[in-house]
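Following: one structure in structure tokens, then a few remarks.
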Amino acid sequence: MKNPLAGVRGAAQLLKRRMDDPDQQQLADLVISEADRLSALADRLLHPRGMAMRSINLHEIAERARALIAAEAGPEIKLDRDYDPSLPDLHGDADSLLQIVLNLMRNALQAGATTIAVRTRAEHGAVVGGRTLKRAQRLDVIDDGHGVPQELRESLFMPLVSGHADGTGLGLALAQEIAHEHGGQISFRSRAGNTTFSLTLPAEPHHG
């Protein structure tokens with residue numbers, strides 16, 4: 001996996017040097033940084049060392065995900081945001097949480113969404129994994145796609161379950177595992193034209 005990523009990174013660097021348009025240079029920078037992130041993620045999967053937990057801002061992660069999805073989807077997809085500016089930083093692994101948001105937004109694209117919104121809110125008394133969090137932060141990915149098929153709703157976060165013919169069924173299972181490692185969880189509610197996937201994370205550092 002890392003050798004192809006190195007090739008992608010090198011090609012993006014070459015393209016950037018040949019580009020005069022600042023917008024195209026910004027896209028090349030996005031490809032370079034994403035190749036670096038995926039390479040680091042592959043490193044951690046191949047040689048587990050635990051997550052790089054630090055103080056992070058949920059809105060920075062959301063904005064990076066929006067930029068990547070905008071580059072993938074093109075101008076025909078409308079991307080909205082609704083952030084709570086009062087949210088403080090929380091403790092987490094930025095690359096892993098970015099992977100969750102990207103998975104949720106890509107699922108929305110695959111569900112035929114034409115509008116995807118990312119919303120953040122503070123939560124008090126959220127119940128996660130049978131325990132009540134005094135303070136939490138929630139990130140919602142809301143889309144107008146065709147929704148989660150009824151027959152998949154009970155098993156959606158299990159490995160190898162996918163609503164797409166070419167899907168591996170690993171995206172949501174991995175996303176839920178990452179959320180659990182942060183002491184949080186992913187939940188959803190869905191009907192045709194209005195689906196919301198919610199990532200809820202504890203505001204305080206999670207210890208095992």
Side-chain angles (χ1 to χ4, degrees), residues 1-47 51-85 87 89-120 137 139-145 164 166-168 170-172 174-175 177-179 182 186 197 199 201:
M1 178 178 178
K2 294 187 69 177
N3 286 340
L5 284 173
V8 169
R9 190 186 197 283
Q13 287 177 314
L14 285 173
L15 286 171
K16 183 183 176 184
R17 283 201 286 268
R18 297 175 184 175
M19 291 171 176
D20 297 323
D21 185 337
D23 288 339
Q24 291 182 336
Q25 289 181 338
Q26 188 175 4
L27 283 175
D29 282 335
L30 201 60
V31 171
I32 292 167
S33 60
E34 187 65 2
D36 288 342
R37 185 186 73 82
L38 290 173
S39 181
L41 192 61
D43 247 349
R44 288 206 298 278
L45 290 172
L46 293 170
H47 311 287
M51 293 184 293
M53 306 294 277
R54 59 181 176 83
S55 180
I56 59 171
N57 186 284
L58 203 53
H59 297 146
E60 290 177 4
I61 290 170
E63 282 300 287
R64 179 154 186 80
R66 288 178 77 258
L68 288 165
I69 293 299
E72 289 179 20
E76 64 273 15
I77 301 297
K78 183 181 178 184
L79 298 175
D80 292 335
R81 58 166 78 86
D82 178 9
Y83 298 158
D84 178 351
L87 291 187
D89 288 354
L90 52 77
H91 202 65
D93 181 283
D95 285 346
S96 296
L97 292 177
L98 174 59
Q99 194 63 50
I100 291 180
V101 183
L102 283 173
N103 282 353
L104 297 180
M105 295 184 77
R106 284 177 179 141
N107 280 354
L109 287 177
Q110 291 172 350
T114 58
T115 299
I116 303 173
V118 181
R119 176 176 63 197
T120 62
Q137 294 186 22
L139 182 147
D140 300 323
V141 175
I142 307 158
D143 73 77
D144 63 352
H164 312 292
D166 57 350
T168 63
L170 293 175
L172 283 176
L174 176 61
E177 183 176 337
I178 293 170
H182 282 78
I186 301 170
F197 276 84
L199 167 64
L201 296 167

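Quick caveat, the model's predicted, so the values are computed rather than measured. Values reported hereafter were calculated over all heavy atoms of this structure, with side chains retained and with hydrogens, waters and symmetry mates removed.
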Quick one: pull up [atom1] in [X] and [atom2] in [Y] and give me the separation to the nearest 0.5 Å.
X    : Y    : atom1 : atom2 : value
I61  : D95  : CD1   : CG    : 8.5 Å
L90  : N57  : CG    : CG    : 8.0 Å
L139 : I100 : CG    : CD1   : 9.5 Å
M19  : Q25  : CE    : CD    : 8.0 Å
I186 : N103 : CD1   : CG    : 8.0 Å
L58  : L97  : CG    : CG    : 7.5 Å

Where is the tightest heavy-atom contact between [X] and [Y], given as atom of each residue plus distance?
X    : Y    : result
V118 : A62  : CG1-CB, 3.9 Å
A65  : M105 : CB-SD, 4.0 Å
D143 : G145 : OD1-N, 2.7 Å
H182 : S96  : CE1-CB, 4.3 Å
I56  : G92  : CG2-O, 3.8 Å

Would you find a donor on one side and an acceptor on the other, under 3.5 Å apart, between the side chain of [X] and the backbone of [Y]?
X    : Y    : value
D144 : T115 : yes
R66  : L79  : yes
T120 : D84  : yes

(request) Apply the test side-chain contact (heavy atoms from CB on, under 4.5 Å) to residues I178 and L174: give CA-CA distance (whole Å), side-chain angles for both, the deciding distance (0.1 Å), then the verdict. (result) CA-CA 6 Å; I178 293 170; L174 176 61; 4.1 Å; yes

(request) Identify which one of D82, D80, D140 satisfies the side-chain hydrogen bond (donor to acceptor under 3.5 Å, both in side chains) criterion when paired with R119. (result) D140

Using a 4.5 Å cut-off on heavy atoms from C-beta on, say whether the side chain of [Y] contacts that of [X].
X    : Y   : result
L30  : R64 : yes
E63  : R81 : yes
R106 : I69 : yes

(message) If you count every heavy atom of other residues, nucleotides or ligands that lies below 6.0 Å from E72 atom CD, does the total exceed 12?
(response)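 More than 12 within 6.0 Å, yes.
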
